[in-house]
Chemist: 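Input: one structure, supplied below.
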2 protein chains.
Amino acid sequence: MTEIVNETQLLRAQGVIAPAGFQAAGITAGIKVSGAPDLALVFNEGPDYAAAGVFTRNKVKAAPVLWTQRVLSTGQLRAVILNSGGANACTGPAGFQDAHTTAEAVAAALSDWGTETGAIEVAVCSTGLIGDRLPMDKVLSGVRTIVRKMAAGLTGGDDAAHAIMTTDTVPKQVAVYHCNKWTVGGMAKGAGMLAPSLATMLCVLTTDAVVEPGALDQALRRATAHTFDRLDIDGCCSTNDTVLLLASGASGITPPQADLDDAVRHACDDLCAQLQADAEGVTKRVAVTVIGAASDNDALVAARMIARDSLVKIAVFGSDPNWGRVLAAVGMAPVTLDPDRICVLFNGAAVCIDGVGTPRARDVDLSTADIDITVDLRVGNASATIRTTDLSHTYVEENSVYSS
Amino acid sequence: MTEIVNETQLLRAQGVIAPAGFQAAGITAGIKVSGAPDLALVFNEGPDYAAAGVFTRNKVKAAPVLWTQRVLSTGQLRAVILNSGGANACTGPAGFQDAHTTAEAVAAALSDWGTETGAIEVAVCSTGLIGDRLPMDKVLSGVRTIVRKMAAGLTGGDDAAHAIMTTDTVPKQVAVYHCNKWTVGGMAKGAGMLAPSLATMLCVLTTDAVVEPGALDQALRRATAHTFDRLDIDGCCSTNDTVLLLASGASGITPPQADLDDAVRHACDDLCAQLQADAEGVTKRVAVTVIGAASDNDALVAARMIARDSLVKIAVFGSDPNWGRVLAAVGMAPVTLDPDRICVLFNGAAVCIDGVGTPRARDVDLSTADIDITVDLRVGNASATIRTTDLSHTYVEENSVYSS
């Protein structure tokens, strides 16, 4: 996939190591019983180490989230260690100590390799089943192995993107090249428990631009508010959601804030599309757009209400143009609306005008893989889009097996 | 089923005609293409005609809801006409005229039979697919037939309870006898689109007690707040939800408000249990109880958050004691909580204490048909229970077929 937007070029290769100044690795440490890859490392070679992060809004936060929020208070990161095969959530003070110990082990291994690093410069991300302690013997021996293999050039960005997968079926990577001068790269994972506030599970973004932590933070918050925050697969917000952005400054270029904002948002948007397309049990990619709302927030709330409605999502799974369920869903949104003015379009075809069905509404073809639901409230000028998926048998199947 | 609670006896027979002074009927009018019964009538013979109602909180209200809210402003009803096979929702002014015309036809037929009745004394309830006009020729000829058959004693309460079914598999009826002096009866339907604010689709309650409309309204609101409002199958609130309570005064007894409140709540509670047990695709009946909350509202909001969580419901379907999903769900509730104090019990067994899993948590048996999830927030003394069900393949199947 290649796409030229303004002066940026988007590719889906290399991911976090596309920008200069980054190395990455992925290995099988034995954390997953399946033997699949389960440990990833992203390493910032500098010369800068600026970093920013956004995290789950869930009050129940996993130990690695609590750890990473703490170390990020410096605005600096040298490395991110990520594991699949266990969320290290709801594990109490012992789980927090495990996250701390993991960061210390990464710092020690990097220091042994010649890069003096402290645990406070190492972010930790975990994903997998909530509630179990991690097998720390395997994590710690894995940490030593992954640093050694990365140093030897035996593993890279693709391996890292694979190692953070859980029920994902494909790795998600992106690279946005700005005029071939500086680059934003990234990788993400997340297939279920994609949520109302911060929808991804784990995402690491990198850039070789020269950026202060404050500007990095601004770019990241602006981007996630319009991308990950508007991806809602099942309304369930994880305990572990983390999006990190690391800047190495290796390009020597200091971009204007607007260019940085654009590139980061572009990268996040593309990763979101990849997460949506690979969501658990997805058979349809659905965009719910509310226009004509009284305010931006009204548009967002109404779009989310429709995107989260099980009966709407199941109708889409069945290719059933059941527009009445869309009206029933939006009617529960705490927003300004007049039921007698609402118009609804499915894939561009009007199925409801002024709150009443059109004659051919039941004949609209929803057998396509991409479904567009547009609702015009006709009470204002604001709009917003939420990305979601249908709700299929496979989603039920994948989530009903023992503690997935 | 017989149950003695204080001085009341509960039976599940006769339903709306258990109290003196009521007649009912149910017929096949041809509204449903399947040929199943689809038209029901409940008739109050008096001497009193007091009535109260509660309705969907959805802003998108079906025409029969708008009609019935209007006629109920008098606090009096002689009859309720109910149809399945079409919701008459999102049908605009023409749909409202259809509801009005139906009430006029009922009034005319009752007047012909010798009971002078005005359309303003006739409530209308509809259930079925949103968005289509009703086949009014069939409705109006059905109205003439149903009054004639009821007058001839050819059909009764059981037939009425059958005629309001949609995807229900069994009719729901109840009768609460108070000291054999006065009685509250009822029937209800509702299998999907059972919702956060008012969970039933349609319910008609009757009593032969002597009650003023204001007292009737109070008893009904108190009862529904603790019963139908706390049944949440899929978080989807219908456009047609209606609960009506009619009093004939035929017993000659004026009960104290507290006794009336108890009997009405008892009847509503039992109908809720029946709705839960027959919900679309149900394989487990789930009670989610939050205790130790800072306020009643916090307890209710937190319990609803858990009960509406797709991943929790699917885990229950799979008999998977995945307590981490319960913590992830409650962590998103906008209530006072401390993640490190939360305790969770599955069917009485502690699976999480102080936010951390217990050693045997993964071994708890959830293969039973009744599942109890209790969450102790340990920040206060308030509690609340929400009834829900699991989310199964059958639920997806039933709701993915063409415009069910």
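Proteins come first, then strands; the chains are lettered A, B, ... in the order of their sequence lines, and each starts at number 1. Side chains included, hydrogens not; waters and symmetry mates left out as well; all remaining heavy atoms used.
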Chemist: Quick one: do B:Arg133 and B:Asp98 make a salt bridge, cutoff under 4.0 Å?
Modeler: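 Yes, B:Arg133 and B:Asp98 are salt-bridged.
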Chemist: For the backbone of A:Gly86 and the side chain of A:Asn83, can you confirm whether one donor and one acceptor N or O come within less than 3.5 Å of each other?
Modeler: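 Checked: pair present.
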Chemist: Below 4.5 Å from any heavy atom of chain B, which atoms of A:Ala333 appear? Answer side chain, backbone, both or neither.
Modeler: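 Backbone of A:Ala333 only, per the 4.5 Å heavy-atom cut-off to chain B.
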Chemist: Does a donor on one side chain sit under 3.5 Å from an acceptor on the other, for A:Ser392 and A:Lys284?
Modeler: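 A:Ser392 vs A:Lys284: no donor-acceptor pair found between side chains.
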Chemist: Select one option (side chain, backbone, both, neither) describing which atoms of A:Asp132 are under 4.5 Å from chain B's heavy atoms.
Modeler: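 Backbone plus side chain of A:Asp132, per the 4.5 Å heavy-atom cut-off to chain B.
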Chemist: Heavy-atom pairs under 4.5 Å with chain B: which of A:Ala329, A:Gly357, A:Gly131 has the most?
Modeler: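 Result: the option with the highest number of such pairs is A:Gly131.
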Chemist: If I measure from the heavy atoms of chain B, does A:Val335 come under 4.5 Å with its side chain, its backbone, both, or neither?
Modeler: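 Only the backbone of A:Val335 comes within 4.5 Å of chain B.
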Chemist: Is A:Pro334 close to chain B through its backbone or its side chain, or both, or neither, when contacts mean heavy atoms under 4.5 Å?
Modeler: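 Backbone only.
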Chemist: Quick one: sort the B:Phe317 and B:His393 rings into parallel, tilted or perpendicular, breaks at 30° and 60°.
Modeler: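 Rings of B:Phe317 and B:His393: perpendicular, over 60°.
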Chemist: Report yes or no: do A:Thr127 and A:Lys189 form a side-chain donor-acceptor pair below 3.5 Å?
Modeler: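 Yes - a donor-acceptor pair under 3.5 Å links their side chains.
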